Amino acid sequence: MSAFACARHLLSACAAFALALWMMPASIADEPVDVELVLAVDVSLSMSPDELEMQRHGYAAALTHDNVLQAIADGAHGKIAVTYVEWAGTSWQRVIVPWTVIASRSDAERVVAQLSAQPPGSARRTSISGALAFGNDLFAESGYQGTKRVIDISGDGPNNQGAPVNLTRDELIKQGIIINGLPLMTRGGFSGAYDVNNLDRYYSDCVIGGPGAFMIPVNDWTQFPEAIRRKLVLELAGPASPQWAAEEATHPPVVLVQDKLATDCQVGEKMWRNRSWMLDSR
């Protein structure tokens, strides 16, 4: 075959390949959404079985609430991508709901059905840093392109296993990820000796971060469903939205991320090292 014939054959093959690519449907990886949202929920042994169920029910109620659905609809794309993860120690993270688009009530109800399909698990230790790193990995495989990437993390105690949480937080912020928090100061479950009195300040100083990051503390489980609903509305709507202003007018202000640290971000690790007689649970 002459050089000219080879070149013509190569050009024809390239043209056919380009045409095939052009005719293929657009990859889901290019699908735009307003927010890619990781719901990361603490299921360490410090949470009682009843509390684990209350968490599931609270998220289910919030995801189908009219205000949350309206916040989603008001976005530029009118849809978000969400995944629900339960976590405990450094090696214990479970995806309960894989990445799913919510653009309507029926979408939200499908997420709720997956949440209700099996009971929550539970495991030892508390690694907020492990949960954040796991959430970061989930963004890489989400298949969506969000205007914002948010990890919404809830927990009832400080980090006591894995990398220092503030260092992991800082690495995620550099990648443009926002971390919002829901500290559960409910004093339930086992091992109350590992509780810290200022968990809300710990979350503010050591866990949350990124542009507009905030946290909403929960002091009693009766507050939990409303806190989840409100938190979702705020992170989906954003600080500049009318919904944020309306929420602030009817509720106490949320706690925004602090500029200067005032909390020992290693308090959980120190309590664990000094546990001596304490039960090996968190």
Side-chain angles (χ1 to χ4, degrees), residues 33-42 44 71 80-88 90 93 126-140 142 144-185 196-218 227-228 230-241 244 247-248 252-270:
V33 294
D34 292 303
V35 181
E36 292 174 73
L37 178 62
V38 176
L39 299 175
V41 181
D42 182 7
S44 58
I80 66 169
V82 63
T83 181
Y84 185 100
V85 178
E86 292 179 340
W87 59 272
T90 51
Q93 299 92 23
T126 300
S127 182
I128 302 173
S129 58
L132 293 177
F134 187 78
N136 186 31
D137 289 341
L138 290 176
F139 287 124
S142 76
Y144 301 97
Q145 193 69 258
T147 304
K148 292 194 302 184
R149 291 180 296 165
V150 179
I151 297 179
D152 181 339
I153 191 158
S154 62
D156 72 342
N159 194 77
N160 64 32
Q161 189 181 39
V165 64
N166 56 317
L167 300 185
T168 301
R169 183 257 329 261
D170 293 345
E171 285 301 314
L172 268 62
I173 292 173
K174 291 177 184 177
Q175 299 176 46
I177 295 169
I178 299 168
I179 303 165
N180 295 327
L182 194 80
L184 307 174
M185 301 186 292
V196 294
N197 292 325
N198 59 337
L199 187 63
D200 51 349
R201 191 58 187 264
Y202 176 88
Y203 262 68
S204 175
D205 291 346
C206 306
V207 179
I208 68 175
F214 68 93
M215 64 93 183
I216 299 178
V218 175
I228 289 294
R230 185 179 177 221
K231 190 162 181 287
L232 287 175
V233 168
L234 294 179
E235 59 199 358
L236 296 177
S241 72
W244 182 291
E247 289 286 346
E248 291 295 86
V254 299
V255 179
L256 300 175
V257 65
Q258 302 297 310
D259 292 330
K260 296 181 180 179
L261 297 183
T263 302
D264 180 2
C265 293
Q266 295 286 305
V267 62
E269 289 84 348
K270 292 175 181 177

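In this chain, residues are counted from 1 in sequence order. Only a predicted model underlies this, so the values are computations on that prediction, with no experimental measurement involved.
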- Message: Run the side-chain contact (heavy atoms from CB on, under 4.5 Å) test against T83 and tell me which residues pass, sequence neighbours left out.
- Response: V38, V85, V95, W99, L138
- Item | Contact summary for E36 and S142, nearest pair of heavy atoms | OE1-OG, 2.7 Å
- Task: Tell me, please, which residues at least two apart from D152 pass salt bridge (charged side-chain N to carboxylate O under 4.0 Å, His left out).
- Result: K231
- Task: Verify, without hydrogens or angle tests, whether S129 (side chain) and V165 (backbone) share a donor-acceptor contact under 3.5 angstrom.
- Result: no
- Item | Minimal non-hydrogen separation, S154 against W87, with atom names | O-CZ2, 3.3 Å
- Item | Pairwise distance CD1(I153) to OH(Y203) - rounded to 0.5 angstrom | 5.5 Å
- Look up atom CD1 in I80 and atom OG1 in T147, then write down how far apart they are to the nearest 0.5 Å. 12.0 Å
- Message: With rounding to the nearest 0.5 angstrom, report the OG to CG distance, S204 to N198.
- Response: 10.5 Å
- Query: So, for G157 and I128, which heavy atoms are closest and what is the spacing to 0.1 Å?
  - Reply: O-CD1, 3.6 Å
- Message: Please check this pair: side chain of Q161 against backbone of S127, looking for a donor-acceptor N/O pair closer than 3.5 Å.
- Response: no
- Note on the structure: By side-chain contact (heavy atoms from CB on, under 4.5 Å), I173 pairs with (sequence neighbours left out) R169, D170
- Message: Measuring from atom CG of L184 to atom CG of L199, what distance do you get when rounded to the nearest 0.5 angstrom?
- Response: 7.5 Å
- Note on the structure: Those residues at least two apart in sequence (or on a different chain) that pass salt bridge (charged side-chain N to carboxylate O under 4.0 Å, His left out) with E86 are R56
- Message: Within the structure provided, determine whether N136 and Q175 are in side-chain contact (heavy-atom separation under 4.5 Å).
- Response: yes
- May I have the step-by-step check of side-chain contact (heavy atoms from CB on, under 4.5 Å) for I151 and L172, ending in yes or no? CA-CA 10 Å; I151 297 179; L172 268 62; 3.6 Å; yes
- Message: Let me confirm one number: the CD1-CZ distance from I177 to F139, rounded to the nearest 0.5 Å.
- Response: 5.0 Å
- Spell out, as yes or no, whether a donor-acceptor pair under 3.5 Å connects the side chain of T126 to the backbone of N159. no
- At their closest point, which heavy atom of P217 faces which heavy atom of M185, and how far apart are they? CB-CE, 3.6 Å
- Task: Among residues two or more places apart or on two chains, list those pairs meeting salt bridge (charged side-chain N to carboxylate O under 4.0 Å, His left out) that have a residue in residues 129-140.
- Result: none
- When every non-hydrogen atom of P183 is compared with those of D200, the smallest separation belongs to CG-CA, 3.9 Å
- Checking side-chain contact (heavy atoms from CB on, under 4.5 Å) for the pair V33/V35: CA distance, chi angles, key distance, verdict? CA-CA 6 Å; V33 294; V35 181; over 6 Å; no
- Item | Chi angles and distances behind the side-chain contact (heavy atoms from CB on, under 4.5 Å) call for L39, L232 | CA-CA 10 Å; L39 299 175; L232 287 175; 4.1 Å; yes
- Message: Once rounded to the nearest 0.5 Å, what's the spacing between atom CD of E171 and atom CG of L132?
- Response: 12.0 Å
- Sub-3.5 Å donor-acceptor pair from the side chain of N166 to the main-chain atoms of C206, do we have one? no
- Task: List for me each residue that meets side-chain contact (heavy atoms from CB on, under 4.5 Å) alongside A227, sequence neighbours excluded, and say none if there are none.
- Result: L182, I216, V218
- Query: Would you say K148's side chain and E235's backbone share a donor-acceptor pair under 3.5 angstrom?
  - Reply: yes
